[in-house]
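Just so we're on the same page: letters track the sequence lines, and every chain starts at 1. Predicted model only: the values in this text are computed from it and were never measured.
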Protein chains: 2
Amino acid sequence: MSVLLKPLELPVNQDNILQSLVAENLVSDPESARGRLLREAARLFREKGYERTTVRDLAAAVGIQSGSLFHHFRTKEEILKAVMVETIRLNTALMQAAMSSANSNREKLRALVSAELESINGQTGEAMAVLVFEWRSLSEASRAEVLKLRDIYEALWLDVLTGLKEEGALVADPFIVRRMLTGALSWTVTWYRPDRGGLTQNGLTDQVVAMLGLS
Amino acid sequence: MSVLLKPLELPVNQDNILQSLVAENLVSDPESARGRLLREAARLFREKGYERTTVRDLAAAVGIQSGSLFHHFRTKEEILKAVMVETIRLNTALMQAAMSSANSNREKLRALVSAELESINGQTGEAMAVLVFEWRSLSEASRAEVLKLRDIYEALWLDVLTGLKEEGALVADPFIVRRMLTGALSWTVTWYRPDRGGLTQNGLTDQVVAMLGLS
DNA sequence: GTTTACAAACCAAGCGCTTGCTTGGTATGG
DNA sequence: CCATACCAAGCAAGCGCTTGGTTTGTAAAC
């Protein structure tokens, strides 16, 4: 049967999702000038913070003059906003895909935890850290825009957690559990190192699920 | 019996602890010039971030000229460090006191969660938020100093969590649980508002303990 | 297949402003 | 009398961003 041919480790092709988002102009091609700048920006913003990163730093990271940046973005803040917006878009899509192959709410939750850990500690990790730690540097207008996108993302979580609550699998309040999970998972960015220390991302997911009594 | 006279809501007198730390010169008297500056600094650093807060902002907040700040602190960063160091010192002492009246490890954990929520969402909340979000603005030397103090604080948690694990009350790894709790509890600063919304700090503590299956 | 046209991408220079911090001097309280 | 706390003024450096002009890529026009 053809279903057996589906790769077990990676139920969805992340590259395909990225490519279709690029085609729809929702995220920048990572190999374009804009895409490379955003990746370097995410790296620098995470490393030094938005305010401590100068436009000269950003320009140097992609090998152009500082003034040339303003050809691509009108302001420095617009760069920060772009990093955040594109990251949410990508991860929302990845998360929907990760959930689509799960059948029960328990499986869905595991998929969500796993996907969020991947987004925080994988390729988009630097951008996710920026999203968590630099939102205060956004203007109010940009902030509203980002929050709107985040609401879509959060709805995915609440659906599953509410389902688990109704099944009786969850004791605490779904809203509060989600907020605790947001903090707990975001925080992994400050201590978890997938490359060293024996704990794999799957292992970490297990620990989270065990902590919630849902394993 | 005299133990019955002990107040139930507040097993330890927070003011007394503060006063003895002030006497030992470990934290500044909140009513001194230095203490007031640190409180205003914490407020501003949390509100706008360290980098976006200028020395002129800080000076204006306590009603002096910007240059006069440098009579009390040699650099702006020293102000940030002082906010962090004094906050950890105070909260470590408060936490030790909160635990002292608990008998079982379950009770101790509840005391720790409750105390940390209080430190994050109570009087020292602004300073705690600074501690979480602004550590990147510290020089490496200051960072090491702050981390040393934090280790003492963290040892309190690990003792209790390891005990619970040995009792079989905890399934997941103590180190990981602590790290998840750090993130989860810190994050409450971004959404929890004790004044509105019905959820008291005791109620929130209940939810956390329930989430861990320890209620 | 060369020329022309033109926009996008970039450079070199620097402007105007804000920043952390310094300096020299003046009150004030014990 | 002297240390502590402060002010008034401003410096040097670094900041985001602008400006005017040059290169580069591309594609139609001849």
Side-chain angles (χ1 to χ4, degrees), chain A residues 22 25 28-84 130 134-143, chain B residues 22 25 28-84 130 134-143:
Chain A
V22 169
N25 249 327
S28 310
D29 184 347
E31 287 174 48
S32 69
R34 184 187 157 100
R36 269 184 304 122
L37 173 63
L38 289 182
R39 197 171 59 238
E40 291 299 313
R43 217 198 68 228
L44 286 166
F45 289 165
R46 173 181 172 182
E47 188 180 314
K48 327 203 300 174
Y50 172 77
E51 302 288 346
R52 292 176 101 93
T53 304
T54 70
V55 293
R56 286 163 182 83
D57 291 334
L58 292 169
V62 291
I64 59 174
Q65 291 295 102
S66 68
S68 307
L69 275 185
F70 296 90
H71 229 326
H72 301 281
F73 298 91
R74 269 176 309 179
T75 62
K76 182 188 169 191
E77 194 225 333
E78 204 172 79
I79 300 177
L80 177 62
K81 192 183 83 175
V83 168
M84 293 186 170
V130 171
E134 304 294 341
W135 61 272
R136 235 180 346 186
S137 296
L138 281 181
S139 69
E140 214 155 322
S142 307
R143 194 139 47 181
Chain B
V22 169
N25 248 329
S28 309
D29 184 345
E31 287 174 48
S32 70
R34 184 187 157 101
R36 270 185 303 124
L37 174 63
L38 289 181
R39 196 171 61 239
E40 290 299 314
R43 216 200 66 228
L44 286 167
F45 290 165
R46 174 181 170 183
E47 188 180 312
K48 327 205 300 176
Y50 172 77
E51 302 288 347
R52 292 175 100 94
T53 303
T54 69
V55 292
R56 286 163 182 82
D57 293 333
L58 293 169
V62 291
I64 58 174
Q65 291 295 103
S66 68
S68 306
L69 275 184
F70 295 90
H71 256 281
H72 301 281
F73 298 91
R74 268 175 311 180
T75 63
K76 182 189 170 190
E77 194 226 335
E78 203 172 80
I79 300 177
L80 178 63
K81 192 182 83 174
V83 167
M84 294 185 169
V130 170
E134 303 296 340
W135 61 272
R136 238 179 346 186
S137 296
L138 281 181
S139 70
E140 214 154 323
S142 308
R143 194 139 46 183

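- Between A/Leu58 atom CG and D/dG16 atom C1' there is a gap of 11 Å when expressed in whole angstrom units.
- Listed by first then second residue, pairs satisfying salt bridge (charged side-chain N to carboxylate O under 4.0 Å, His left out) with a partner in residues 63-73 of chain A number zero, not counting sequence neighbours.
- Not one side-chain nitrogen or oxygen of A/His72 sits closer than 4.0 Å to the OP1 or OP2 atom of C/dA8.
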Only distances under 3.5 Å count here; give the side-chain donor-acceptor pairs of residues 57-69 of chain B to other protein atoms, sequence neighbours excluded, each with its distance to 0.1 Å.
unit_1	atom_1	unit_2	atom_2	d
B/Asp57	OD2	B/Lys48	NZ	3.0
B/Asp57	OD2	B/Thr54	N	3.0
B/Asp57	OD2	B/Thr54	OG1	3.3

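- Within the structure, ring-ring contact (aromatic ring centres under 6.0 Å, His included) contacts touching residues 48-83 of chain A (residues at least two apart or in different chains) are A/Phe45-A/Tyr50.
- The interatomic distance linking B/Arg34 (CZ) with D/dA5 (C1') rounds to 15 Å, in whole Å.
- DNA chain C lies under 4.0 Å from no heavy atom of any residue of residues 36-51 of chain A.
- A donor-acceptor pair under 3.5 Å is formed between the side chain of B/Glu78 and the backbone N or O of B/Arg74.
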Problem set entry | From CA spacing to verdict: salt bridge (charged side-chain N to carboxylate O under 4.0 Å, His left out), B/Arg136, A/Glu51 | CA-CA 11 Å; B/Arg136 238 179 346 186; A/Glu51 302 288 346; over 6 Å; no
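- A search for side-chain contact (heavy atoms from CB on, under 4.5 Å) contacts involving A/Glu47 returns A/Arg43, not counting sequence neighbours.
- Between the side chains of A/Ser137 and A/Glu77, no donor-acceptor pair of N or O atoms lies under 3.5 Å.
- Between the A/Ser142 side chain and the A/Leu138 main chain, no donor and acceptor come within less than 3.5 Å of each other.
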For this session: Determine, for nucleotides 21-30 of chain C in 5'-to-3' order, which nucleotides have protein heavy atoms under 4.0 Å from the base (write B), from only the sugar-phosphate (write S), or from neither (write -).
Result: BB--------
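- Heavy-atom nearest nucleotides on DNA chain D were determined for B/Gly63 and for A/Thr54, and the one closer to the 5' end corresponds to B/Gly63.
- A straight line from CZ of A/Phe73 to P of D/dT18 spans 15 Å, rounded to a whole angstrom.
- Atom CD of A/Gln65 and atom P of D/dC17 are 17 Å apart (whole Å).
- Rounded to whole Å, atom P of C/dA12 lies 15 Å from atom CG of A/Leu69.
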